[in-house]
Amino acid sequence: MKKKAIFGVGGLARELYYQLLDKNIVFFVDDDFICDSKKIDNKPIYPISDFNSSNYELIIAVSDPLVRNKIVSKLPADTSFWSFIHSSVELNNTIKLGKGSILMKNAILTTSIEIGDFAIIHS
């Protein structure tokens with residue numbers, strides 16, 4: 001079974017991390033950002049060049065959609081993505097959710113909505 005990993009260490013990544021029940025997470029960032037990265041709960045932060053798609057499934061916790069798309073395009077083609085749906089989210093069973101999506105605490109989604117890949121929805 002693959003381990004879960006988060007790409008990013010900014011505000012969205014930290015908010016996602018603190019909403020997770022399972023804190024057994026690894027963080028990755030761009031190689032040129034690694035020296036400036038701060039630890040989150042004393043967890044090491046790894047350069048994306050260390051990312052192995054055989055060992056990890058990834059979620060991109062970066063707010064800017066253009067940057068998210070650029071990150072995804074640079075990852076290995078066989079990268080698998082996980083989605084996060086907070087337990088407080090009201091999600092109708094007619095919702096279609098794309099891969100790598102993030103639905104934060106208290107989001108409400110009604111009927112017949114199709115959400116694309118790598119979407120981020122706050123309350």
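In what follows, residues are counted from 1 in the order of the sequence shown.
- Between atom CD1 of residue I108 and atom CG of residue N92 there is a gap of 12.5 Å, rounded to the nearest 0.5 Å.
- When hydrophobic residues (I, L, V, M, F, W, Y) are linked wherever their side-chain heavy atoms come within less than 4.5 Å, L66 remains an isolated member.
- For N55, the side-chain hydrogen bond (donor to acceptor under 3.5 Å, both in side chains) test picks out no residue, with sequence neighbours left out.
- Taking Ile, Leu, Val, Met, Phe, Trp and Tyr as members and joining any whose side-chain heavy atoms lie under 4.5 Å apart, directly or through other members, the hydrophobic cluster of L97 also contains I85, V89, L91, I95, L103, L109, I113, I115, I121.
- Residue pairs satisfying the ring-ring contact (aromatic ring centres under 6.0 Å, His included) criterion with at least one member in residues 87-123, sequence neighbours excluded, are listed as follows: F81-F118.
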Test side chain to side chain donor-acceptor pair (under 3.5 Å) on K99 and S83 and set out the steps. CA-CA 6 Å; K99 66 183 175 189; S83 291; over 6 Å; no

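- Grouping the Ile, Leu, Val, Met, Phe, Trp and Tyr side chains by contacts below 4.5 angstrom, directly or via other members, places V72 apart from I120.
- Side chain of D41 to main chain of K43: no donor-acceptor pair is present (N/O by atom type, distance under 3.5 Å, no hydrogens or angles).
- A centroid separation of less than 6.0 Å is found between the aromatic rings of F27 and Y17.
- The shortest heavy-atom contact between L12 and V62 is CD2-N, 3.6 Å.
- With sequence neighbours excluded, no residue forms a side-chain hydrogen bond (donor to acceptor under 3.5 Å, both in side chains) with Y46.
- Residues F28 and I6 are members of separate hydrophobic clusters, defined by side-chain heavy-atom contacts under 4.5 angstrom among Ile, Leu, Val, Met, Phe, Trp and Tyr.
- Note that CG of N69 and NZ of K74 are 12.5 Å apart. Values are rounded to the nearest 0.5 Å.
- The salt bridge (charged side-chain N to carboxylate O under 4.0 Å, His left out) test applied to K3 returns no partner, not counting sequence neighbours.
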